[in-house]
Amino acid sequence: MMQFLAPDGTFGVPKEYAQYGELVDALTIEDLTKFYRDMARIRRFDIEAIALQRQGQLGLWVPAIGQEGAQIGSGYGVGPNDHIFPSYREHGVAITHGVELMSILKMMRGVNHGGWNPEETRFHLYAIVLGSQVLHAVGYAMGVKFDGLVGTGDKDKDLAVISYFGDGATAEGDVSESLLFAAINDSPIVFFVQNNQWAISAPVEKQTKVPLYRRGEGFGVSGMRVDGNDVLACYAATKFHMDQARAGHGPYLIEALTYRVGAHTTSDDPTKYRSEEEVEYWKARDPIIRFEKFLRRQGVADDFFEEVKHAGDELAAQIRAETFALPTPPLENIFHNVYSDEHPDIERQKAWLQAYEQQMGGHE
Amino acid sequence: MSSYKDMAIAKALNAGLQKAMQDDEKVLVFGEDVAELGGVFRVTEGLHKEFGEKRVFNSPIAESGIVGTAIGLAMRGYRPVAEIQFDGFVFPAFNQITSQLAKLTYRSEGFMQMPVVIRIPYGGGIGAVEHHSESPEAYFAHTAGLRIISPSNPNDAYWMIQQAIQSPDPVIVFEPKRRYWQKGPVNLDVAPMPMHSARLLREGNQVTLLAYGPMVTTALQAAEIGAEEGVSIEVIDLRSLAPVDYPTIFASVQKTGRLVVAAEAPTNVSISSEIAARVAEHNFYHLEAPVLRVGGFDTPYPPSKLEEAYLPDADRILEAVDRIMAY
């Protein structure tokens, strides 16, 4: 497993990972503090979103607490032209690519089913049926190759695709088919598996008999395991293999070994299936605490961490206020965009509902 | 002056695909065995040679993968035409079709369009083994976001496949497998009508007989025999299963007062059932009799030695015509 940052915050690049280490060496202190800032920001956001759900303001929340290293690290390893196909827990990856946090809250409140523009953000919509998005990512990557945008050597042109999914999703047939389609087409894609150890209540041992980083081997997709709680290792692994994919040496699979510290969703009760000791073990390996120790050794001072904490509280207050202010969508949204062109059944039912609502005194 | 050419349905689909690929370089054709072989029914014959491996290629035998990658290619700006080899093989792709393809425009609030065409040879009558003779159209017609068509003759085949490819929404084309070799004239210059219109095929004034896909030929035979027996049957080719062209059906039913719907699919919760319900709902005072459905039985598709008794033929349709006339 590739690890640069030990849980105590000490940094070292093992010899066999030297080429990955070079990518970390190239990071400036501004990059490093940006990583920290976003990890802390997304954790604070997550905590606030859980509170909002508990207060009835969101229908559901899907916490990513504990996975910030994997998400922010790999998110920043993705290039400016690349496309990202997430599952539904990639809030951290989302903020590295300019997706508004309110877009995610809107979805979890039930205002829409996503609704951000994937062409603009290059961060595609959340996918709730496990593994379904991975095939879309492979199809997209096939198209990129048909477009001749792989291995041209022109940094402004070349692009690759990354798809995120969890250990649970690896059991889905769509993920196996994705590995196969990507392999036989030499597609410019990286499969990024966040192994957070639990597929709701089932441990990873119930999803796989071989380590997940080896899942692609039989399909012809090589892989590696990184410490998912080491933001720098996740950054380097993603950057290295996205560069490779863009140059025409895809596909590749990265397993980030991490831990879902929180519940699967706010509907879940993890105390029923895992021990407090296990959670404590992983909390001691927390990606943010570890990175803070590292940064302090680099000379980053108290006032930076104070400022980040303060910014987090401001963010929390802001999303709270904005969530409360979210309007209920108009009823006609039920009918919008079912089809791109006009459709007689949709038009008829829309007109009917409008007339009915008018007769009943309007919808509140 | 339009130029015409006689073609079988399979050849007309092939020519339509070829034309669409010539007109728009974003059109891709893929699926199982569609490249060098030209598909098990040769519908894609010659396309690989003309357009090359980048635009016509074989997919692994993985239907979910075929549709899932078609979605990704559409996101990238392509217009994929994916072939599912047989009706009974579509179900591994069911999630990708009904939960992904059908819903992505809605999910993205219109930011994404899904111009994907899925071609499915369907229906029985060819003496095949299990899973090669089914009529699964109702599963898909039930799903919002999909458009579903079924051409019954070469001219429609040639034009409707092109219209499907031009649609910004996903279209499933159910191709009448046992009629693939049926010949007819194709107008190479002018499209007959919009993709979602039904066609009045034969005028009559006592009973409306509605059919689609492979059953249209059978319906015309029944009308011919009916005429000899003194019953005037009006035949409509539905052509589009979702949406259904109700104005055309209602106009006919308001004239005849009687409707028989014929299809190969089991009648339970079918396209035929929906049409029967809608016709009753909107034409109650015009009807002289309840709407009758003629279809496959509510069983799995039987072994092929029994399919002749399972599939509706002209006699089965006329039996229903007799019943509806007796009201």
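Labels below follow one simple rule: chain letters A, B, ... track the order of the sequence lines, proteins then strands, and each chain is numbered from 1. Bear in mind that the values here come from a model prediction, so they are computed numbers and not experimental data.
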**Student:** Taking side chain as everything from C-beta outward and backbone as N, CA, C, O, which of these in A:Asn117 sits under 4.5 Å from a heavy atom of chain B? Side chain, backbone, both or neither.
**Tutor:**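 Both backbone and side chain.
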**Student:** For chain B, which candidate among A:Ile334, A:Asn333, A:Asn185 shows the most heavy-atom pairs at distances under 4.5 Å?
**Tutor:**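 Max contact count across the listed options: A:Ile334.
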**Student:** Check whether B:Met114 gets within reach of chain A through its side chain, its backbone, both or neither, counting any heavy atom under 4.5 Å.
**Tutor:**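 Neither part, no heavy atoms under 4.5 Å.
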**Student:** Against chain B, work out which of A:Val161, A:Val138, A:Leu180, A:Val144 has the most heavy-atom pairs shorter than 4.5 Å and name it.
**Tutor:**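 Counting heavy-atom pairs under 4.5 Å, the top option is A:Val144.
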**Student:** Less than 6.0 angstrom separating the ring centers of A:Phe85 and A:His136, yes or no?
**Tutor:**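 Distance test on ring centres: not under 6.0 Å, no.
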**Student:** Is any NZ, NE, NH1 or NH2 atom of the basic residue among B:Arg278 and B:Glu281 found under 4.0 Å from an Asp or Glu carboxylate oxygen of the other?
**Tutor:**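 No, no charged N to carboxylate O under 4.0 Å.
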**Student:** In terms of side-chain geometry, is the basic nitrogen of B:Arg199 or B:Asp245 positioned less than 4.0 Å from the acidic oxygen of its partner?
**Tutor:**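 No.
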**Student:** Under 4.5 Å, counting heavy-atom pairs only, tell me which of A:Gly143, A:Ala141, A:Ala127, A:Pro118 racks up the most with chain B.
**Tutor:**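 Going by pairs under 4.5 Å, I would pick A:Gly143.
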**Student:** One thing to verify: whether B:Arg239 and B:Asp156 come together as a salt bridge, which I'm taking to mean a side-chain N less than 4.0 angstrom from a carboxylate O.
**Tutor:**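 So B:Asp156 pairs with B:Arg239 through a salt bridge.
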**Student:** Given the options B:Arg55, B:Met112, B:His196, B:Met75, which has more heavy-atom pairs under 4.5 Å with chain A than any of the others?
**Tutor:**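 Greatest number of close heavy-atom pairs with chain A: B:Met75.
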**Student:** Does the ring center of A:Tyr164 lie less than 6.0 Å from the ring center of A:Tyr126?
**Tutor:**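 Judged by ring-centre distance (under 6.0 Å), A:Tyr164 and A:Tyr126 do not meet the cut-off.
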**Student:** Taking the ring of A:Tyr140 and the ring of A:His83, is the distance between their centroids below 6.0 Å?
**Tutor:**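 A:His83 vs A:Tyr140: aromatic centres under 6.0 Å.
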**Student:** Counting C-beta onward and ignoring hydrogens, is there a side-chain heavy-atom pair between A:Glu119 and A:Arg122 closer than 4.5 Å?
**Tutor:**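 A side-chain contact under 4.5 Å is absent here.
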**Student:** Contact part of A:Leu179 toward chain B, heavy-atom cut-off under 4.5 Å: side chain, backbone, both or neither?
**Tutor:**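 Neither part.
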**Student:** Quick one, A:His91 with A:Trp61, criterion ring-ring contact (aromatic ring centres under 6.0 Å, His included). Give me CA distance, side-chain angles, the key distance, then yes/no.
**Tutor:** CA-CA 11 Å; A:His91 323 315; A:Trp61 185 246; 4.6 Å; yes
**Student:** Quick check on the interface: out of B:Arg76, B:Gln100, B:Glu109, B:Gln96, who has the most heavy-atom pairs with chain A under 4.5 Å?
**Tutor:**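 If we count pairs closer than 4.5 Å to chain A, B:Arg76 comes out on top.
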**Student:** Which bit of B:Leu146 is near chain A, if near means a heavy-atom gap under 4.5 Å: side chain, backbone, both or neither?
**Tutor:**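 Only the backbone of B:Leu146 comes within 4.5 Å of chain A.
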**Student:** Which one wins on heavy-atom pair count under 4.5 Å against chain B: A:Val134, A:Asn112, A:Ile128, A:Asp341?
**Tutor:**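 Most heavy-atom pairs within the cutoff with chain B belong to A:Asp341.
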**Student:** Do you know which of A:Ile346, A:Asp147, A:Ile184 has the most heavy-atom pairs under 4.5 Å to chain B?
**Tutor:**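 Highest number of heavy-atom pairs under 4.5 Å: A:Asp147.
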